[in-house]
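See below for the structure under consideration.
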Amino acid sequence: MSLHNKNIGIALTGSFCTFDKAFEEIEHLLTEDANVYPVLSFNAQKIDSRFGKAADFYERLKQLTGRDPITTIEDAEPVGPKNMFDIMAIIPCTGNTLAKLANGITDTPVLMAAKAHIRNNKPLVISLATNDALGMNLKNVGALLNAKDIYFVPFGQDSPESKPKSMIAHTHLLKLTLESALEGKQIQPVIISPF
Ligand SMILES: Cc1cc2nc3c(=O)[nH]c(=O)nc-3n(C[C@H](O)[C@H](O)[C@H](O)COP(=O)(O)O)c2cc1C
C-alpha cells in the first residue's frame, strides 16, 4: 500500500547513534508525500551525547517535518481518540522502550502515543537498536514479535563478535515494512543476519 498522504507517527527514542539513519528514513518518507508526525521520548529530547545535541535534533526534526514534535504525555494522549495516525513507527526503538511496551508501561510520550495508537487496532512498527536484544530483552522481542498489530523492520546481529547480544534494524527497509504493515503483513525475512 502506498504511503502517499498517509499520516505516519515517527517516534524517536534514545539510541542516539542511529538517529542519522532515522532522519534519512524520515526524508525518504517525505519524498513519498507522507505526512510525518514526530514524537520524542523524554530522553531523546534531553540527552546531549557525542552523537549530537538534543536541541539540534529537535530543531532538525521540526524543520524536516514542518511540525512541532510531540514531547509530552498529554500531547501524545489524543493520538488514540483523534485517530491521528494511519501507522506509527518507533525508529530507533531502544531496549528500554521495547521492554516497557512489551510490559504495558506508558511513561513517555512515545509509549503514550504507541498505546493510544494500538488501542485503535492500527499497525505499529518497531525499528530496534539495542545491545541486549539477544540478552535481557530477548523475551520482550519475542513477546512483541508475537503481538497483534506490531511489526518489525527486519533486524540482525550488527557485530556478533564484539557485541554478541546486540541486534539492530536494517532501517533502509522502513518504507517496505510500513507499506506491508498497512496491509497487515510482516515483511520477511524478519531476521537478516549478519549485517
Ligand atoms: C550515547 C548513548 C547512546 C545510547 N544508545 C542506545 C542504543 O543504541 N540502544 C539502546 O537501547 N539504548 C541506548 N542508550 C541508552 C538509552 O538512551 C537509555 O536506555 C534511555 O533510558 C532510553 O530511554 P527511552 O527509551 O525512553 O528513549 C544510549 C544512551 C546514550 C547516552
Side-chain angles (χ1 to χ4, degrees), residues 9-26 36-62 65 68-77 79 88-118 124-145 147 150 152-174 191-195:
I10 291 287
L12 286 88
T13 65
S15 170
F16 305 99
C17 53
T18 49
F19 270 23
D20 278 347
K21 284 185 177 177
F23 277 101
E24 252 176 58
E25 291 314 308
I26 292 170
V36 174
Y37 293 81
V39 187
L40 286 164
S41 72
F42 291 126
N43 287 319
Q45 300 169 41
K46 78 164 193 249
I47 293 179
D48 296 327
S49 75
R50 64 185 181 282
F51 301 103
K53 285 203 182 323
D56 294 341
F57 285 127
Y58 178 97
E59 205 47 44
R60 191 169 155 201
L61 204 48
K62 184 175 166 174
T65 62
D68 287 324
I70 293 173
T71 55
T72 64
I73 288 177
E74 56 272 33
D75 285 346
E77 184 275 337
V79 162
M88 175 175 168
I90 307 180
I91 172 168
C93 182
T94 59
N96 178 61
T97 290
L98 179 100
K100 288 181 179 178
L101 185 65
N103 288 282
I105 297 169
T106 314
D107 62 356
T108 72
V110 169
L111 290 161
M112 181 71 244
K115 175 182 174 176
H117 175 73
I118 56 181
L124 173 68
V125 167
I126 307 286
S127 181
L128 192 62
T130 185
N131 284 335
D132 64 355
L134 290 174
M136 198 61 91
N137 243 319
L138 185 56
K139 60 183 180 299
N140 296 316
V141 174
L144 293 178
L145 271 172
I150 295 188
F152 279 76
V153 176
F155 57 101
Q157 284 184 276
D158 50 312
S159 188
E161 296 302 329
S162 63
K163 294 192 290 177
K165 295 179 182 175
S166 179
M167 292 184 98
I168 65 172
H170 296 268
T171 47
H172 67 280
L173 294 175
L174 178 70
I191 306 291
I192 306 177
S193 206
F195 253 64

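Numbering of ligands and ligand atoms starts at 1, following listing order.
Per-residue contacts place T13 under 4.0 angstrom from the following atoms of ligand 1 (heavy atoms of the residue considered): 25 (O), 27 (O). Those atoms of ligand 1 that come under 4.0 Å of a heavy atom in A129, given as number and element, are 7 (C), 8 (O), 9 (N), 10 (C), 11 (O). Ligand 1 places these atoms under 4.0 Å from at least one heavy atom of C17: 8 (O). Close contacts of ligand 1 with T130, meaning ligand atoms under 4.0 Å from a residue heavy atom, involve 9 (N), 11 (O). Listed by number with element, the atoms of ligand 1 under 4.0 angstrom from any heavy atom of T97 are 24 (P), 25 (O), 26 (O).
In this comparison of I168, N43, L40, the heavy atom closest to atom 21 (O) of ligand 1 sits on N43. The closest non-hydrogen atom to atom 26 (O) of ligand 1, taken over D158, N96, I47, comes from N96.
The protein heavy-atom contact nearest to atom 30 (C) of ligand 1 is F16 CD1, 3.7 Å. When hydrogens are left out, the protein atom nearest atom 13 (C) of ligand 1 is G14 O, 3.4 Å; that is the closest non-hydrogen contact. Closest to atom 27 (O) of ligand 1 among all protein heavy atoms lies S41 OG, 2.6 Å. Atom 1 (C) of ligand 1 has as its closest protein heavy atom S49 CB, 3.6 Å.
F19 and F16 have tilted rings, their planes meeting at an angle from 30° to 60° on a 0 to 90° scale.
Residues satisfying the side-chain contact (heavy atoms from CB on, under 4.5 Å) test with A54, not counting sequence neighbours, are D48. Qualifying ring pair (Phe, Tyr, Trp, His ring centres under 6.0 Å) partners for F152, counting only residues two or more places apart in sequence or in other chains: F155.
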Quick one: do V141 and M167 satisfy side chain to side chain contact (heavy atoms under 4.5 Å, CB included)? Show the steps, please.
CA-CA 11 Å; V141 174; M167 292 184 98; over 6 Å; no
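Here the rule is side-chain contact (heavy atoms from CB on, under 4.5 Å) with V125, and of L174, I150, I10 only L174 fits it.
Contact annotation: for S15 versus ligand 1, heavy atoms closer than 4.0 Å belong to both the backbone and the side chain.
Within the 4.5 Å cutoff, the side chain of S15 has heavy atoms near those of the T94 side chain.
Counting only heavy atoms, the protein gets under 4.0 Å from atom 10 (C) of ligand 1.
Within a 6.0 Å radius of NZ in K53, other residues, nucleotides and ligands contribute 12 heavy atoms or fewer. Heavy atoms of other residues, nucleotides or ligands lying less than 6.0 angstrom from CD of E161 number 12 at most.
Without hydrogens or angle criteria, Q45 side chain to L40 main chain gives a donor-acceptor distance under 3.5 Å.
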